[in-house]
Amino acid sequence: MRVSRLFFQTLRETPADAEVVSHQLMLRAGMIHQIAAGIFDYLPLAQRTKHKIENIFREEMDAIGGQEVTLPMVHPAELWQKSGRWYQIGSDMVRFKDRNDRDMVLGMTHEEIMADLAKRFIRSYRQLPMMLYQIQTKFRDEPRPRAGLIRVREFTMKDAYTFDRDEAGIDAYYPKFYQAYYNIFRRCGIDVIAVKSDTGMMGGRMAHEFMALTEIGEDTLVLCDACGYSANRQVAVFRKPEPPVAEPLPLEEVATPGVSTIEALAQFLNIPASATAKAVFFIADLEQPDGSVKEQFVFCVVRGDMELNETKLTNAIKARRLRPATAAEIRAIGAEPGYGSPIGIRRDRVLLVVDDLVARSPNLVAGANREGYHLRNTNYGRDYTADLVVDVVAVSDGYACPQCGAAVRTARGVEVGNIFKLGTKYSVAMGATYLDENGEEKPIVMGSYGIGTGRLMAVIIELHHDEAGIQWPITVAPYQVILISLATEKTPEVAEAAEKLYADLLAAGVEVLYDDRDERAGVKFNDADLIGIPIRLTVGAKGLQNGVIEGKLRRNGETFAFPVETAVQDVQALIAAEIERIHATVVPVPFDE
RNA sequence: CGGGGAGUAGCGCAGUCUGGUAGCGCACAGCGUUUGGGACGCUGGGGUCGUAGGUUCAAAUCCUAUCUCCCCGACCA
């Protein structure tokens, strides 16, 4: 491709709307163009990288037995009504009516459609396991798209689905995906870590998220450098400290005027925050046996120095959603905001959840449910009992690793992929069954596995760039080589040599971008750096005098002098070495349950 | 949905307070000089100032409404 003909435009200045680096660089490199919040055009440079990434998806999916299909992105509502998600999902799902007044949706994921497909074509255990995947557009009307391609409304996703006869089947398939996903990300030149993640309302048995560590991440991860434990903070656990051993002392009310935070309380009474209990109040939507939803006041107690993890609480009480309770709602159950404790409240109106550490800790200071007063020496069991005693604490920096006890750290990450044991929720809903050896009808056990292409592309840039621009790993670069001609009117021999080298590279099958523009050298070099092509070749009068083409690696600045006669082979060798460098990172990874 | 910010040429911005018929840099087109890390000169094209009402002799500028985009939070199959 000649740069003079390339459909793009580099920008010297950063568009004001772009905050994160990947967004800025993609705009400046002329890769993408936004037409509405979270909706983008992909221009040729981005499109080529997208194709390369997607071909890596195809190779890795095919390697573990996948077959590619394409399912529609417009779905009839019935399929979503069958699974119930038509009713559960809010305005993230775009709904509309076709000309016959039939309810339709834009596909935001394809479990329903896949299960429906399985229902039509899978009959027998002999057909299982089966794996289908597609690379398709999804539309999710996100409330807040952000950060360029990191969080968008319309995006391309590689989504794969497995169909197994039982849990043992998917238990065998799941680790193949685990490895294939590591392979994909490493072939894209990025380091990821798989973390255990929330299965939430999907009700699956196991899920992992593949996280790329970067500041712009939306998720917080808990990592143990000592033993490798890793989990999304939403589900991370830790080794709770042993509470002090002490005889329960008598309950004692103490005046604490104006002291309504744990910090102030600890200071006022000159005790550590760990000697206090804190109350947090929510209203939960609980699903009733008959399918209706009821609002329930949830009173939750954690130790004063610890933070509540709302995801853990949501899962522990199987809530559909949680919201903070208002002051009026808190008073209505007999508690006082800022001075709450489970002692003396209207117990019949609340679901009381107490963290296991609080339940084991003697003589904690807690609120007296009266403004300006606290209670010393509250003891679980003696003074109150809970509906549920369970871990609901969020892991923070320095907490003890659940596996080895070392101090964990937290880090920000972007989820670039996830794998999920779905179970039979969708197959049962859609009626996807098979007959086993005994002629017995059984629901198919499903798994789903997704990677968003655009987000991955953005994350690659987040992890591979410098002040000058993108540094594409060669496996996903739009072109492997950029050939810069420094010819002027006075040096037609340079133009001739560049044209010849371009033709020779093309003939040799090298993916080459040829900067034949009538621009100054600086403009070409800067544009080459910006768009991030891994190998730069310069044909100039200087080099030709010595019979060489100059080469330079974008990722580290290493330079080469290729003799004109062998330049094509030399470049091919360099490309091969660069590819091998990345492929060398693709190694087996132990499956971390 | 709550909080904050911004809409003037493809991009970056000034002009708005104090109303007087739209400007700068980059980019783009032409000509000339230049030519190894974002050249210079001259000439030129491009904007219903987000949109709709209103005030006024006159609105980018004042008033009202509305739409859009960005950031933080809530939300996130």
Side-chain angles (χ1 to χ4, degrees), chain A residues 8-20 23-24 27-30 33-39 75 80 83-94 105-113 138-148 150-153 155 157 159 197-204 207 209 216 218-219 232 234 310-311 314 320-324 415 418 420 422 425-426 448 450 452 455 468-469 484-491 494-495 515 517-530 536 538-545 550 552 557 559:
Chain A
F8 89 134
Q9 162 86 204
T10 57
L11 299 177
R12 213 176 279 207
E13 284 170 298
T14 301
D17 280 350
E19 284 243 328
V20 306
H23 189 198
Q24 294 175 347
L27 289 171
R28 289 224 291 131
H33 172 242
Q34 179 167 350
I35 65 166
I39 302 180
H75 310 162
W80 288 80
S83 72
R85 285 157 113 184
W86 170 264
Y87 311 101
Q88 286 165 11
I89 297 173
S91 37
D92 272 18
M93 183 155 70
V94 172
V105 308
L106 290 186
M108 50 193 298
T109 176
H110 283 77
E111 281 83 8
E112 281 82 354
I113 319 305
K138 313 286 185 208
F139 195 93
R140 299 177 188 177
D141 198 359
E142 293 280 348
R144 192 157 94 76
R146 59 173 286 273
I150 295 292
R151 183 159 215 89
V152 294
R153 295 195 291 172
F155 59 101
M157 180 184 244
D159 48 323
S197 67
D198 183 29
T199 56
M201 288 305 289
M202 300 277 283
E209 290 168 341
I216 64 157
E218 301 176 295
D219 290 279
N232 193 309
Q234 290 181 321
E310 290 188 28
T311 305
T314 303
R320 192 173 274 185
R321 44 165 295 185
L322 278 187
R323 67 165 171 85
E415 180 186 347
N418 63 45
F420 209 117
L422 281 177
K425 173 174 173 175
Y426 297 97
S448 77
R455 179 182 285 186
I484 292 180
S485 164
L486 296 184
T488 68
E489 280 173 14
K490 291 176 186 161
T491 56
V494 173
D515 198 343
R517 293 176 300 175
D518 182 20
E519 288 285 356
R520 311 201 111 223
V523 171
K524 296 186 181 187
F525 289 143
N526 281 313
D527 277 350
D529 287 347
L530 177 59
R536 189 181 85 190
T538 304
V539 180
K542 270 192 214 164
L544 287 184
Q545 271 172 13
E550 295 148 77
K552 190 170 186 180
T559 58

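Predicted model, so just to flag it, every value in this text is computed and none were measured. Residue numbers begin at 1 in each chain, while the letters A, B, ... track the order of the sequences.
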- Atom P, compared across B/G47 and B/C11: separation rounded to whole Å: 14 Å
- Rounded to the nearest angstrom, tell me the gap between atom CE in A/M108 and atom P in B/C75. 16 Å
- Task: Might you work through the salt bridge (Lys or Arg N to Asp or Glu O under 4.0 Å) test for A/K425 and A/E111, ending with a clear yes or no?
- Result: CA-CA 10 Å; A/K425 173 174 173 175; A/E111 281 83 8; over 6 Å; no
- How do A/L322 and A/V20 order along RNA chain B: which one's closest nucleotide is nearer the 5' end? A/V20
- Task: Starting from the 5' end of RNA chain B, give me the residue, A/M157 or A/E19, whose nearest nucleotide shows up first.
- Result: A/E19
- Pairwise distance CD1(A/I113) to NE2(A/H75) - rounded to 0.5 angstrom: 4.0 Å
- Task: Classify the nucleic acid contact of A/P324 as base, sugar-phosphate or nothing, counting any heavy atom under 4.0 Å across all strands shown.
- Result: nothing
- Query: Expressed in angstrom and rounded to an integer, what is the separation of A/L27 atom CG from B/C26 atom P?
  - Reply: 22 Å
- Query: When rounded to the nearest Å, what value does the distance between P atoms of B/A6 and B/C63 take?
  - Reply: 15 Å
- Message: Partner lookup for B/G44, please. Criteria are Watson-Crick or G-U wobble with both distances under 3.5 angstrom; report none if nothing qualifies.
- Response: B/C28
- What integer distance in Å separates A/M93:CE from B/C75:C1'? 16 Å
- What distance do A/T109 atom OG1 and A/K138 atom NZ have between them, rounded to the nearest 0.5 Å? 5.5 Å
- G-U wobble or Watson-Crick pairing nucleotide for B/A6 (cut-off 3.5 Å, both distances): B/U68
- Nearest-Å distance, CD (A/E142) to P (B/C71)? 13 Å
- Message: Over all strands shown, is A/A528 touching base, sugar-phosphate only, or nothing at heavy-atom distances under 4.0 angstrom?
- Response: nothing
- Query: When all nucleic acid strands are considered with a 4.0 Å heavy-atom cut-off, which category describes A/R146: base, sugar-phosphate, or nothing?
  - Reply: sugar-phosphate
- Message: Check whether A/T314 reaches the backbone of A/E310 with its side chain - one donor and one acceptor, N or O, closer than 3.5 Å.
- Response: yes
- Query: Can you check the A/D17 CG to B/G50 P distance for me, whole Å?
  - Reply: 15 Å
- Message: Any salt bridge linking A/E550 with A/K542? Criterion: basic side-chain nitrogen under 4.0 Å from a carboxylate oxygen.
- Response: no
- Pairwise P distance, B/U55 and B/A60 [rounded to whole Å]: 16 Å
- Using a heavy-atom cut-off of under 4.0 Å over every strand shown, decide if A/T14 touches base, sugar-phosphate, or nothing. sugar-phosphate
- In whole Å, what separates the C1' atom of B/G20 from that of B/A29? 34 Å
- Determine the Euclidean distance between corresponding C1' atoms of B/C28 and B/G45; express it in Å to zero decimal places. 8 Å
- Determine, for nucleotides 30-42 of chain B in 5'-to-3' order, which nucleotides have protein heavy atoms under 4.0 Å from the base (write B), from only the sugar-phosphate (write S), or from neither (write -). ----BBBBBB---
- Query: Rounded to the nearest 0.5 Å, how far apart are CD of A/E415 and CD1 of A/I150?
  - Reply: 11.5 Å
- Determine the interatomic distance between C1' on B/C17 and the same-named atom on B/G12; round to the nearest Å. 24 Å
- Query: How far does CG of A/D515 sit from CZ of A/F525, to the nearest 0.5 angstrom?
  - Reply: 9.5 Å
- Pairwise C1' distance, B/G38 and B/U21 [rounded to whole Å]: 37 Å
- Query: Expressed in whole Å, how much space separates the P atoms belonging to B/G3 and B/G50?
  - Reply: 24 Å
- Query: Phosphate oxygens OP1/OP2 of B/C70: is one of them under 4.0 Å from a side-chain N or O of A/Q34?
  - Reply: yes
- Item | Partner set under side chain to side chain donor-acceptor pair (under 3.5 Å) for A/R323, not counting sequence neighbours | A/E329
- With heavy atoms under 4.0 Å as the rule, sort A/Q88 into base, sugar-phosphate or nothing. nothing
- Can you tell me the pairing partner of B/G38 across any strand shown, Watson-Crick or G-U wobble, with both distances under 3.5 angstrom? none
- Note on the structure: Whole-Å distance, A/R144 CZ to B/C70 C1', equals 9 Å
- With a 4.0 Å cut-off on heavy atoms, is A/P15 in touch with a base, just the backbone sugar-phosphate, or nothing at all? sugar-phosphate
- Could you check if a side-chain atom of A/W80 sits within less than 4.5 angstrom of a side-chain atom of A/M108, using non-hydrogen atoms only? yes
- Item | For B/U16, the Watson-Crick or wobble partner whose two distances fall under 3.5 Å | none
- Quick one: look up who B/C1 pairs with, Watson-Crick or G-U, both distances under 3.5 Å, and put none if it's unpaired. B/G73
